[in-house]
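Note that the coordinates shown come from a computational prediction; the quantities given were computed from them, not determined experimentally. Heavy atoms only: backbone and side chains are in, while hydrogens, waters and symmetry mates are out.
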Amino acid sequence: MDAEAPVTADSGAYLVHVSLGTPAFPIVAIADTGSDVIWTQCQPCADCYTQTAPMFDPKSSTTYREISCSSETCTSLTDEVSTPLLTDPRNPTFYFLRLDAISVGTKKIAFTGASGGGGGGNIIIDSGTTLTIVPKGVLSELADAVSSQVSGGTPVQVQGLDTCFEVEDSGSFEAPTLTMHFDGGADVELKTGNTFVEAEENVVCLAFAGSASLAIYGNVAQQNFRVGYDLKGETLSFEPADCTAGSSA
């Protein structure tokens with residue numbers, strides 16, 4: 001259902017009347033598409049700018065709730081990152097990103113050796129490819145760094161996969177955090193579910209594979225992220241999310 005509200009021009013800004021809380025508390029707000037959150041001053045406020053209109057008091061609202069700063073609702077407001085979305089006129093089928101480095105814990109590995117697109121990208125983003133494909137030199141450094149920081153697993157060989165471990169149970173296996181450093185300062189932190197796949201019972205393997213020069217950001221790395229394609233703005237955004245919430249068997 002569409003919703004409409006009158007908008008008033010005032011000193012270069014557009015004002016709109018909204019209400020907050022229960023019972024409804026009227027607020028005159030600036031309609032600003034350049035802001036990522038809806039906000040207003042509220043009581044008590046020791047460091048607010050001077051406001052002549054009444055200030056919202058959360059204690060007067062029956063629907064007001066405090067949430068933890070670590071909750072998904074709160075962290076999703078600050079955890080979204082964006083990076084340029086690139087295309088290659090010679091190969092318009094794919095969308096490219098530029099990956100600068102991969103961190104394994106505190107060890108940073110430069111992302112080199114990938115043949116990129118004409119637009120300056122060096123890795124394809126593809127929801128149709130399972131593993132993340134990286135140049136063999138990068139994979140070798142990545143595998144060494146991961147292996148040195150894993151606990152609760154015994155190295156085993158699995159045909160077709162790299163850096164595998166036998167684990168007694170999933171709770172005993174601990175892997176380092178991997179951070180993908182994309183162009184523009186977009187750092188995407190990957191959890192164990194993004195970096196390891198279950199190859200067989202009690203065996204997990206690194207969700208990365210090697211290639212001579214091809215690089216693809218696969219769908220395992222994209223799990224539990226809202227991935228937004230802004231084709232007009234030519235940007236791609238990552239926002240952490242619990243994609244299992246509300247799903248039914």
Side-chain angles (χ1 to χ4, degrees), residues 83 91 93-117 121-182 186-227 236 238 240-244 247 249:
T83 187
N91 194 354
T93 301
F94 301 113
Y95 289 110
F96 289 84
L97 308 176
R98 180 160 190 83
L99 181 61
D100 297 326
I102 304 173
S103 287
V104 182
T106 59
K107 180 176 176 56
K108 200 168 190 177
I109 301 168
F111 190 76
T112 58
S115 59
N122 61 3
I123 186 167
I124 297 167
I125 180 164
D126 182 17
S127 62
T129 299
T130 303
L131 303 181
T132 291
I133 313 298
V134 298
K136 290 181 179 179
V138 174
L139 179 64
S140 178
E141 288 190 67
L142 181 66
D144 288 345
V146 169
S147 296
S148 68
Q149 298 181 48
V150 158
S151 63
T154 303
V156 294
Q157 297 294 322
V158 175
Q159 185 175 3
L161 292 171
D162 196 282
T163 316
C164 300
F165 300 90
E166 184 175 8
V167 297
E168 293 184 4
D169 58 77
S170 58
S172 65
F173 181 70
E174 294 184 5
T177 298
L178 266 65
T179 304
M180 313 297 283
H181 302 284
F182 290 102
D187 293 342
V188 179
E189 188 174 295
L190 303 181
K191 298 181 179 180
T192 303
N194 299 113
T195 56
F196 279 86
V197 292
E198 186 176 10
E200 53 191 63
E201 187 176 1
N202 294 333
V203 174
V204 296
C205 297
L206 191 64
F208 288 74
S211 170
S213 61
L214 179 67
I216 301 176
Y217 195 64
N219 61 38
V220 173
Q222 299 176 55
Q223 291 176 5
N224 286 313
F225 283 93
R226 294 187 181 94
V227 182
L236 184 132
F238 295 96
D242 181 4
C243 297
T244 63
S247 62

Please report the closest heavy-atom contact between Asn194 and Ala221, naming both atoms and the distance. ND2-O, 3.4 Å
Examine distances only and state if a side-chain atom of Asp144 and a backbone atom of Glu141 form a donor-acceptor pair shorter than 3.5 Å. no
Min side-chain heavy-atom separation Phe111-Leu142 under 4.5 Å: no
Which of Leu190, Thr179, Val138 passes side chain to side chain contact (heavy atoms under 4.5 Å, CB included) with Ile102? It is Val138
To the nearest 0.5 angstrom, please state how far the CG atom of Asp242 sits from the CZ atom of Phe225. 12.0 Å
Once the angle between the rings of Phe182 and Phe238 is folded into 0 to 90°, is it parallel (under 30°), tilted (30 to 60°) or perpendicular (over 60°)? parallel
Tell me whether Asn224 contacts the main-chain N or O of Cys243 through its side chain, where contact means a donor paired with an acceptor under 3.5 Å. yes
Side-chain heavy atoms of Leu178 within contact of Ser103, under 4.5 Å: no
Can you pull the side chain to side chain donor-acceptor pair (under 3.5 Å) pairs that have at least one residue in residues 126-139, sequence neighbours excluded? Asp126-Thr129
Atom CG in Asp162, atom CZ in Phe208: separation rounded to 0.5 Å? 11.0 Å
List the steps and the verdict of side-chain contact (heavy atoms from CB on, under 4.5 Å) for Leu214 and Ile124. CA-CA 9 Å; Leu214 179 67; Ile124 297 167; 4.3 Å; yes
Assess whether atom CD of Glu189 is packed by more than 12 heavy atoms of other residues, nucleotides or ligands within 6.0 Å. no
Which atom names give the shortest non-hydrogen contact between Leu206 and Ala143, and what distance separates them? CD2-CA, 4.5 Å
Where Ile133 and Ile123 come nearest, the two heavy atoms and their spacing: O-CD1, 4.5 Å
Between CG of Asn202 and CD of Glu166, what distance do you get to the nearest 0.5 Å? 6.5 Å
Side chain to side chain, Leu99 and Tyr217, heavy atoms closer than 4.5 Å: no
Short question: side chain of Ser148, backbone of Ala145 - any donor-acceptor pair under 3.5 Å? yes
For Asp187, the side-chain hydrogen bond (donor to acceptor under 3.5 Å, both in side chains) test, sequence neighbours excluded, returns His181
Shortest non-hydrogen contact between Val220 and Gly193, atoms and distance: CG1-O, 3.6 Å
CA sep, side-chain torsions, deciding dist, call: Leu236, Tyr95, side-chain contact (heavy atoms from CB on, under 4.5 Å): CA-CA 10 Å; Leu236 184 132; Tyr95 289 110; over 6 Å; no
Under a 3.5 Å distance rule, please check whether Gln222 uses its side chain to pair with a backbone N or O of Val227 as donor and acceptor. no
Point-to-point distance, once rounded to the nearest 0.5 Å, from SG of Cys205 to CD of Glu200: 7.5 Å
Between Ile109 and Val104, is there a side-chain heavy-atom distance shorter than 4.5 Å? yes
If you take all heavy atoms of Gly153 and Val167, which pair is closest and at what distance? CA-CG1, 4.1 Å
I need the minimum non-hydrogen distance between Ala241 and Arg226, along with the two atoms involved. CB-NH1, 3.5 Å
So CG of Asn219 and CD1 of Ile125: to nearest 0.5 Å the spacing works out to 10.5 Å
